[in-house]
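Written out below as structure tokens is the structure these notes cover.
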Amino acid sequence: MNKFIFVSGGVCSSLGKGVAASSLGALLEGRGLNVRMVKCDPYINVDAGTMSPYQHGEVYVTDDGAETDLDLGNYARFTSSPLSRANSITTGQVYDAVIRKEREGRYLGRCVQVIPHITDEIKARILAVAREDPDTDVVIVEIGGTVGDIESIPFLEAARQMIHESGKANALSVHLTLIPEVAGGELKTKPTQHSVKAMQEMGIQPDLLICRAPVMLDEATRRKIALFTNVDPDAVFTSYEVDTTIYEIPVVFFDQKLDQVVLKKMGVESRHANLKPWYAMMDRFASRKGRVRIGIVGKYMELHDAYKSVYEALFHAGLECGVEVELVKIDSSGLEETDRPESLLTVDGVLVPGGFGQRGINGMIKASAWARQTGTPYFGICLGMQIMVVDWGRNVLGWEDADSTEFNQNSKHPVVSLLEEQVDVTNYGGTMRLGKSETVAEPGTRLLAAYGNKHIFERHRHRYEFSNKYRKEMTEAGLKIAAMTPDGSLVECVEWPDHPWGLGVQFHPEFKSKPTAAAPLFRDFVAAARDRGRSGK
Ligand code: GLN
């Protein structure tokens with residue numbers, strides 16, 4: 001029988017629920033359990049694909065092409081849970097499915113209601129993940145939002161029903177709260193007390209509390225929280241501020257015996273804990289020497305979550321290359337008016353990440369041209385590769401109006417243009433080229449050197465492509481086409497000739513990077529930037 005752990009949050013958002021749920025997943029995997037991760041998002045959007053990164057951070061893409069919440073990225077980095085469309089449940093999907101069934105007459109004349117129809121749909125989706133693989137031991141279900149939100153009520157109600165139906169040992173509630181510090185350094189437990197009351201009003205008694213606090217809670221504070229919340233004192237844990245990395249959180253929880261308490265409450269016999277990969281990662285973290293400055297030139301620079309997987313992948317690459325990666329966030333719009341890109345002068349490498357829309361494009365092209373001309377390592381991802389192609393058209397071939405048709409439909413040199421099948425698309429949800437597909441690397445390329453295998457499988461999320469019409473002129477002028485789709489129809493990677501490391505890919509390697517195994521292209525890019533920095537440029 002599967003076990004379920006529902007992770008909810010209270011007091012306020014952004015407490016690191018995704019990292020807490022993922023860390024719990026990592027610990028249970030360390031104990032040899034087969035874990036699946038699920039995210040419930042209370043928003044009405046069917047998926048995150050149509051949302052601005054400013055609204056909800058990056059869109060994380062799965063192998064099967066689902067455009068999901070960025071927490072799935074956390075699950076991918078901390079655990080080995082398979083992740084697909086099924087692991088991301090939104091209010092939009094649930095209502096969409098229920099309304100379709102209603103239109104098909106499948107409710108046999110009954111009045112369709114939140115309870116039981118919406119909650120049944122939510123439960124069915126969670127159970128479907130549990131049943132995908134008969135070997136699944138535990139499904140960790142993270143419920144987005146904060147207890148008390150109107151939108152999350154059906155999800156908490158579904159959790160309540162599942163806890164009740166599964167029985168105590170088979171379903172746990174883990175609730176994450178905030179312990180704020182007031183003037184004088186005093187830690188306050190009242191918001192946690194209220195938050196647990198809000199859970200109890202929903203009919204759920206949390207089994208474990210994870211309290212986000214500036215420092216480790218002392219015994220007296222834990223006892224006080226326990227007294228007011230009906231939670232055992234040994235089940236009150238602290239997620240304190242670490243000054244290292246979020247990847248230390250599994251170890252922080254392990255040291256407090258969080259996994260032991262979970263196993264005991266679920267009636268699972270204690271097994272040997274293997275945290276070796278996490279300790280090894282922390283050793284690598286501590287032994288990094290020197291610093292590499294990577295300029296990320298994009299348009300959503302104010303919001304760290306907008307390029308979350310890219311930043312994490314750079315960090316992973318730093319672990320592998322033995323250096324600290326300093327993120328220099330450069331708003332591309334700011335580069336547009338200047339001839340001397342001051343912010344670029346002190347970076348060791350330039351990365352242009354994925355993106356949509358016109359704003360700041362010319363600044364990115366400037367950054368690409370600058371990196372190309374100064375021999376600065378450059379890594380283009382998706383839009384960042386298209387930028388390399390536009391730069392090559394404009395500044396090497398001299399076609400002043402070279403552009404992507406995403407930005408200029410009247411260009412006489414549309415070097416990047418709409419995929420054939422995208423021409424008539426008017427429905428913007430889930431209709432891009434999405435998900436995992438094969439790329440075949442050419443011999444003698446940096447791409448092949450990075451992967452060590454010419455068959456590369458990475459994820460895509462884009463509508464526009466290198467325009468094949470210009471392939472001949474572009475390559476005759478020296479641009480190297482480093483990879484294609486297996487049928488030879490689409491360009492997947494370009495590289496600059498005679499350059500220390502200038503490469504752009506149409507896919508998104510950041511989604512598969514892990515702290516214990518950096519994505520190969522990030523690793524080689526950071527290594528190139530490190531070597532250039534060390535050689536004094
Ligand atoms: N806007 C570009 C396209 O749709 C790039 C997309 C991306 O970078 N993810 O092709």
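Just so it is clear, the structure is predicted and the values come from calculations on it, not from any experiment. Order of appearance sets the numbers: ligands from 1, and atoms from 1 within every ligand.
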TODO: Using distance alone, decide if ligand 1 has a nitrogen or oxygen within less than 3.5 Å of any nitrogen or oxygen in M432.
DONE: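 No, there is no polar N/O contact under 3.5 Å.
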Open item on the list: When you measure from the heavy atoms of H508 to every atom of ligand 1, does any distance fall below 4.0 Å?
Closed with: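 Flag set, H508 near ligand 1.
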What residue and atom, counting heavy atoms only, is the protein's closest point to [atom], and at what distance?
| atom | value |
| --- | --- |
| atom 5 (C) of ligand 1 | G355 O, 3.3 Å |
| atom 7 (C) of ligand 1 | C382 SG, 3.0 Å |
| atom 1 (N) of ligand 1 | E406 OE1, 2.7 Å |
| atom 4 (O) of ligand 1 | R463 N, 3.0 Å |
| atom 9 (N) of ligand 1 | R461 O, 2.9 Å |
| atom 10 (O) of ligand 1 | Y464 N, 2.8 Å |

Task: D348/R532 ion pair, N-O < 4.0 Å - done: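 Salt bridge absent between D348 and R532.
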- [ ] Output yes when R291 and E326 qualify as a salt bridge under the 4.0 Å nitrogen-oxygen rule, no when they do not.
- [x]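 Salt bridge between R291 and E326, a charged N being under 4.0 Å from a carboxylate O: yes.
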- [ ] Check E465 against ligand 1 and report side chain, backbone, both or neither, counting heavy atoms closer than 4.0 Å.
- [x]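 Neither part.
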TODO: Mind telling me whether F78 and W278 have parallel, tilted or perpendicular rings, with 30° and 60° as the class edges?
DONE: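 The arrangement is parallel - the two ring planes meet at less than 30°.
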Task: Value rounded to 0.5 Å, distance of CD in E248 from OG1 in T245 - done: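 With rounding to 0.5 Å, CD (E248) is 7.5 Å from OG1 (T245).
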Open item on the list: Please identify which of these residues, F525, W501, W496, meets the ring pair (Phe, Tyr, Trp, His ring centres under 6.0 Å) condition with Y378.
Closed with: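 That would be W496.
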Open item on the list: Side chains of T376 and W370, heavy atoms from C-beta outward: is any pair under 4.5 Å?
Closed with: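 The answer is yes, as the side chains (C-beta and beyond) meet within the 4.5 Å cut-off.
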TODO: Kindly confirm or rule out a cation-pi arrangement of K329 over Y307, judged by NZ or CZ under 6.0 Å from the six-membered ring centre and within 45° of its axis?
DONE: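 No, K329 does not sit over the ring of Y307.
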